[in-house]
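Shown next, in structure tokens, is the structure this report addresses.
Values below: every heavy atom of this structure, side chains too, minus hydrogens, waters and symmetry copies. Counting starts at 1 for both ligands and their atoms, following the listed order. Not measured: the values here are computed from a predicted model.
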Amino acid sequence: MSATEVPVLNRSLVNAPKAPVRIVHLGLGAFHRSHQAWYTQHAGDGAEWGIAAFTGRRPDAAVALAAQDGLFTLVERADGGDSFAVVGSIVEAVDGADVRRLADLVAAPGTAVITLTITEAAYGIGSDGQLDRTAPDVAADLALLASGKGQPTTPLGRLVFALAARRAASAGPLAVVCCDNLAHNGSIAHHAITGMAEAWDADLAGWIDANVSFVSTSVDRITPRTTEADIAAVQAACGYRDTSPVVAEPFANWVLSGDFPAGRPHWEDAGAVFVDHIEPYENRKLWLLNGAHSLLAYAGQLRGHTTVAEALADPRCLQAVEAFWDEAETNLRDMEGDGVDLQIPAYRAALLARFRNARIAHHLAQIAMDGSTKLRMRAVPVILAERAAGRSGAAAALMIAAWLDYTVGGPVQDPLAGEVAAANSLTGRERIRALVALVDPALAGDAAAVELIEGLCGTFQPRAAVPR
Ligand code: CS2
């Protein structure tokens, strides 16, 4: 078949009627599509819940998706083969710079839920847990909002602007559902959003406090970047052209905690779980899955590996992961009881199998980004808990040491990239302390911990330059 004969994916091909927009999403990327869009599609009442999804910095994903009416193919990539299914829950794909459209949709009374996948770093939370109003992009948005001239450029600035429109329209309460890998992600989103609103308009911050429910979630589905080969595989298997398929593992998990004052889809039909206390579940996921990911990202690349599956096949990396899991598990066990059984041995075994799925080429370089923010969630709580209990926390310290070694290889993609480079111009203990302080100042104040981390540097034999 020649390219001209192959139809482009569209709603008439797959009989996917459009649901009305009731969910607005910020951060139209592969993960949103493999996760929240998929859960919404599989909710029993999914036909009533359409998503309008906005991109972040660039319009590309929205342009590509809009050309196929929001539709995309989800390729579930299991060890044994691929399966293909069209997801139709995104009914509008919009360039994030179209803040007017965002405000109109957020202000519409039918909109009940706003979901976010804007990256951990985008919450602008400094190592002190507060919104860093001096960060250049945050400061620029605050100035724009205050002057009333121009439109904000950060996702949070845009959201605050849109929530002001909802208040003005008296459209009532709704839920903001944070789907980024942060501990207490609902309250982080709450602080970041009201912190931004307060600096602009204290009344708006009060309205947000009274009308917006911030739902915490733990999200999980390994979703590597789509490649040209994936696009070709979809065309060969499905007989249509889809420029934007998403590849994901078969596994998916979503734990949520919080209120939905204007309703929500019946996501539990698709396996979502609603709990009163989310902390044990979010820590299990952040420490065991994401912690191992970050450890593999730095140790693995220092050892010359490219993907998660390759790194895990290296006994030195595997041993480091197991040691970190042992430390994390000890602290997770303290959160069990009272109806909470984290089933940690089964969870660990499942993770090994998921990471070993060699048909998923999950690139370590993708995971390595934004290390200063990610380690704050993934390594720091474990090392602090270990040390508070009188143990060394050496396995969590090794993750931090591996990051330190990794940053030597060249400029890193990180919200603190400038500070990382400046710290790396120092030498000896001072350099170690400065880098650790970017992740967590309290840890940098623990001289014994800094010494421990320093001693672990070089464990994975850094190469002269690490490709990015
Ligand atoms: C990864 C996550 O890139 C990263 O930091 O650890 O994206 C991870 O793949 C997902 O959280 C899996 O659910």
Show which atoms of ligand 1 fall inside a sub-4.0 Å distance from at least one heavy-atom site of Arg221. 12 (C), 13 (O)
Using side-chain contact (heavy atoms from CB on, under 4.5 Å), reason through Leu289 and Arg354 one step at a time and then give a plain yes or no. CA-CA 10 Å; Leu289 188 150; Arg354 293 170 65 195; 3.5 Å; yes
Could you verify whether a donor N or O on one side chain and an acceptor N or O on the other, from Thr154 and Asp137, lie under 3.5 Å apart? no
Return the orientation label for the Tyr406 and Tyr298 ring planes: parallel under 30°, perpendicular over 60°, tilted otherwise. tilted
Identify the protein heavy atom lying closest to atom 1 (C) of ligand 1, giving its residue, its atom name and the separation to 0.1 Å. His293 ND1, 3.3 Å
Distance from atom 11 (O) of ligand 1 to nearest protein heavy atom, with residue and atom: Lys285 NZ, 2.5 Å
Check whether any heavy atom of His362 sits under 4.0 Å from an atom of ligand 1. yes
Heavy-atom contacts with Lys374 under 4.0 Å: which atoms of ligand 1 show up? List them by number with element. 3 (O), 4 (C), 5 (O)
Of all the non-hydrogen atoms in the protein, which one sits nearest to atom 7 (O) of ligand 1, and at what distance? Asn181 ND2, 4.2 Å
Is there a heavy atom of Met377 sitting under 4.0 angstrom from any atom of ligand 1? no
So for His35 against ligand 1, with non-hydrogen atoms under 4.0 Å, the contacting part is neither
What verdict does the side-chain contact (heavy atoms from CB on, under 4.5 Å) test give for Val340 and Tyr281, after you've listed the backbone C-alpha separation in whole Å, the side-chain angles of each residue and the deciding distance to 0.1 Å? CA-CA 9 Å; Val340 176; Tyr281 302 95; 4.0 Å; yes
Hey, which atoms in ligand 1 end up nearer than 4.0 Å to a heavy atom of Asp220? 12 (C), 13 (O)
Note, Leu426 side chain near Arg433 side chain (heavy atom, < 4.5 Å): no
Would you say the ring centroid of Phe355 lies under 6.0 angstrom from that of His293? yes
Would you call the rings of Phe31 and His35 parallel, tilted or perpendicular, taking 30° and 60° as the class edges? parallel
Any idea which protein heavy atom is nearest atom 2 (C) of ligand 1, and the distance to it? Asn290 ND2, 3.6 Å
